[in-house]
Amino acid sequence: MIKVGLTGGIGSGKTTVSQIFKERGIAVFNSDVCAREAEKETHIQEGYKRILGEDVYVEGQIDRANIRAILFTDKDKLQQVNKLVTPYIKQKFEKFCEDNADHQIVMLESAILFETDSVKNFDYIITVTASENTRIKRVMTRDNSTLEDVLNKLKNQLPELEKIGKSNFIVINDGYDLADSIEILAKQVDAIHKAIKYDMVAKAASELADTLHDTTKELDN
Ligand code: ATP
């Protein structure tokens, strides 16, 4: 099984792109959704309270606005929260891989693969990229959020160029109109999908050649 990490800054279009991979038969795991499920776990709730204070849960419900406000301004607490939630996500992703053992390729989508040092768990990393202005506009429209909010989120993410430099593949998603962009996104997804499949075949052929070489040597002796 090949494990692919799909990342990219906020609003770059990770979910849009992962949806296209899904349509190609790849099993996709969404870390954001998993992180929300984690919030229901007792040990995570206790961890949040320890790191961020008792008042992050109001009548049993997580106070996201409060959490965001703390994490925007406190990098140390953000790291502690990531350290708390990342093992949960890793464990759920491992289970997801077991449940999808019939798939040749599984993909994990996460905005913070590099930031949490999770990249080492993957055979390939794909970064979805778009200019900062485009991403800011998209997120403000999608979430009805303020420019300040989006800028705060951006400052906790690794610079775009650094992610690109550390990736095996990139998907450029700089369009303004989703309907217009889908075709070009699909072309990029198909090219990456093909490249990964070719690489898998090349690796299998190389392993087979090594085995044949060893067997021939043994027979010769
Ligand atoms: P986040 O990390 O913030 O969850 P994301 O990287 O998963 O974001 P998406 O949710 O896929 O990004 O896209 C962000 C928003 O931008 C969505 O509303 C999506 O519909 C829109 N969008 C994505 N790609 C394009 C595009 N090429 N043209 C116009 N809108 C787009």
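Counting begins at 1 with the first residue of the sequence. Read the numbers this way: they start at 1 and go in the same order the structure lists the ligands and their atoms.
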Going by side chain to side chain donor-acceptor pair (under 3.5 Å), name the residues that satisfy it together with Arg64, two or more places apart in sequence or in a different chain. Glu39
Got a sec: does the CG of Asp210 have more than 12 other heavy atoms crowding it under 6.0 Å? yes
Could you go through ligand 1 and list every pair where one of its N or O atoms sits under 3.5 Å from a protein N or O, giving the atom names and the distance to one decimal?
from, atom 1, to, atom 2, distance (Å)
ligand 1, 2 (O), Lys14, NZ, 2.7
ligand 1, 3 (O), Gly11, N, 3.3
ligand 1, 3 (O), Arg142, NH1, 3.3
ligand 1, 3 (O), Arg142, NH2, 2.6
ligand 1, 4 (O), Arg142, NH1, 3.3
ligand 1, 6 (O), Ser12, N, 3.3
ligand 1, 6 (O), Ser12, OG, 3.4
ligand 1, 6 (O), Gly13, N, 3.0
ligand 1, 6 (O), Lys14, N, 2.9
ligand 1, 6 (O), Lys14, NZ, 2.7
ligand 1, 7 (O), Thr15, N, 3.1
ligand 1, 7 (O), Thr15, OG1, 2.9
ligand 1, 8 (O), Gly11, N, 3.3
ligand 1, 8 (O), Arg142, NH1, 3.2
ligand 1, 10 (O), Arg142, NH1, 2.9
ligand 1, 11 (O), Thr15, N, 3.4
ligand 1, 11 (O), Thr16, N, 2.9
ligand 1, 11 (O), Thr16, OG1, 2.6
ligand 1, 12 (O), Gly13, N, 3.1
ligand 1, 24 (N), Asn173, ND2, 3.0
ligand 1, 27 (N), Asn173, OD1, 2.7
ligand 1, 27 (N), Ser181, OG, 2.9
ligand 1, 28 (N), Gly175, O, 3.3
ligand 1, 28 (N), Leu178, N, 3.4

Connecting only ILVMFWY residues whose side-chain heavy atoms lie within less than 4.5 Å of each other, what is the rest of Leu154's hydrophobic cluster? Ile10, Ile136, Val139, Met140, Leu147, Val150, Leu151
Filter on side chain to side chain donor-acceptor pair (under 3.5 Å), then keep only pairs touching residues 180-197, sequence neighbours left out; what's left? Arg24-Asp190
Chi angles and distances behind the side chain to side chain donor-acceptor pair (under 3.5 Å) call for Thr116, Ser118: CA-CA 5 Å; Thr116 54; Ser118 306; 2.8 Å; yes
Step by step, would you call Lys95 with Asp99 a salt bridge (Lys or Arg N to Asp or Glu O under 4.0 Å)? CA-CA 6 Å; Lys95 172 81 173 58; Asp99 292 345; 2.9 Å; yes
